[in-house]
Amino acid sequence: MKREWNVTDNMGNMHHITYKAGGFGGAKYMVDNDTYKCKSKNWVVMLADVQISMPGADCNLVVIGNNVRLAVNGVYMDDGTPYEPVRNVPVWINVMVTICAIAGIFCASTLGICLAVFVAIFAYKFALKGKYGGALALFIGFLVLMAIWTVVQLTVLV
C-alpha cells in the first residue's frame, strides 16, 4: 500500500510525503526523497504517530492498521477533522488477545481461531477509541462462549 501527499508550507515551498507499507523491510515514509523507518507503538497492530518537521508546517503521519492519514497544522487532509494524537494500546489488551487466541485454539479449533480474530480486531478498535469497557466485554463474552462450547462438547462426548 502506498499513499502520497503534497504539502505546501507557509513559504510556498512544495513538499512531497510518501508512505509505503512494509514488507520485509518494514514500513517507511519519505519526505522530499529522504527515507525514514516508521516504527509501530504496538507489537500486534501497526500503530504509529510520526511528527514530520518542516519549516512553516507541522505534519503528523498517523497509521492505524491499514488506515493512513496525514494531518497538517492540526487538521487531517482527507476530511478536515481536527488532529488527535494516537493513544497507545494498553498492554492488557495484548495479553487478552493472546489468551483469547490460545482459548480459541484449545476449545473450538478453527471456529475458535476465527472468533478470536474478530474479537481481537474489534477489541483494538475499541481500545484505540478509548472504549476499554467494550473491549473488556468482548473478551469476557468470548471466554464465556468458549467455556459453554467446551461444556457442550464434553457432555456430547460422555
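Side chains are part of it too, since the values below use all heavy atoms of this structure and drop only hydrogens, waters and symmetry mates. Because the structure is predicted, anything quoted here is derived from the model rather than measured.
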Looking only at non-hydrogen atoms, find the nearest pair between [X] and [Y] and report the distance.
X      : Y      : answer
Ala57  : Asn73  : CA-OD1, 3.6 Å
Ala123 : Ala135 : O-CB, 3.9 Å
Phe142 : Gly104 : CZ-CA, 4.0 Å
Cys107 : Trp149 : O-CD1, 3.2 Å
Tyr132 : Ala127 : CE2-O, 3.7 Å
Phe126 : Gly134 : CD1-C, 3.7 Å

Atom [atom1] in [X], atom [atom2] in [Y]: separation rounded to 0.5 Å?
X      : Y      : atom1 : atom2 : result
Cys100 : Ile105 : SG    : CD1   : 11.5 Å
Asp32  : Asn13  : CG    : CG    : 9.0 Å
Glu4   : Lys20  : CD    : NZ    : 8.0 Å
Ile99  : Trp92  : CD1   : CH2   : 11.0 Å
Ile148 : Leu143 : CD1   : CG    : 11.5 Å

Where the side chain of [X] meets the backbone of [Y], is there a donor-acceptor pair that is under 3.5 Å apart?
X     : Y     : value
Thr35 : Met30 : no
Asn6  : His16 : no
Asp9  : Gly56 : no

With the 4.5 Å side-chain cut-off for hydrophobic clustering, are [X] and [Y] part of the same group?
X      : Y      : result
Tyr76  : Ile52  : no
Leu47  : Phe122 : yes
Trp5   : Met14  : no
Leu138 : Ile102 : no
Leu115 : Val95  : yes

Can you find a heavy atom in the side chain of [X] that is under 4.5 Å from one in the side chain of [Y]?
X      : Y      : value
Met46  : Cys38  : yes
Ile93  : Phe139 : yes
Arg69  : Thr81  : yes
Leu70  : Val7   : yes
Val119 : Met96  : no
Met54  : Ile17  : yes

Member of Val62, Val68, Asn66 meeting the side-chain contact (heavy atoms from CB on, under 4.5 Å) criterion with Ile64: Val62
Residue that, paired with Leu154, satisfies side-chain contact (heavy atoms from CB on, under 4.5 Å) out of Val156, Val152, Val151, Thr150: Thr150
Taking everything shown except [X] itself, do over 12 heavy atoms lie less than 6.0 Å from its [atom1]?
X      : atom1 : answer
Gln153 : CD    : yes
Asp34  : CG    : yes
Lys39  : NZ    : no

Between Tyr29 and Tyr19, is the ring centroid distance below 6.0 Å? no
Please determine whether side chain to side chain contact (heavy atoms under 4.5 Å, CB included) holds for the pair Asn94 and Tyr124, giving the CA-CA distance in whole Å, both sets of side-chain angles, and the decisive distance to 0.1 Å. CA-CA 9 Å; Asn94 295 329; Tyr124 281 118; 2.5 Å; yes
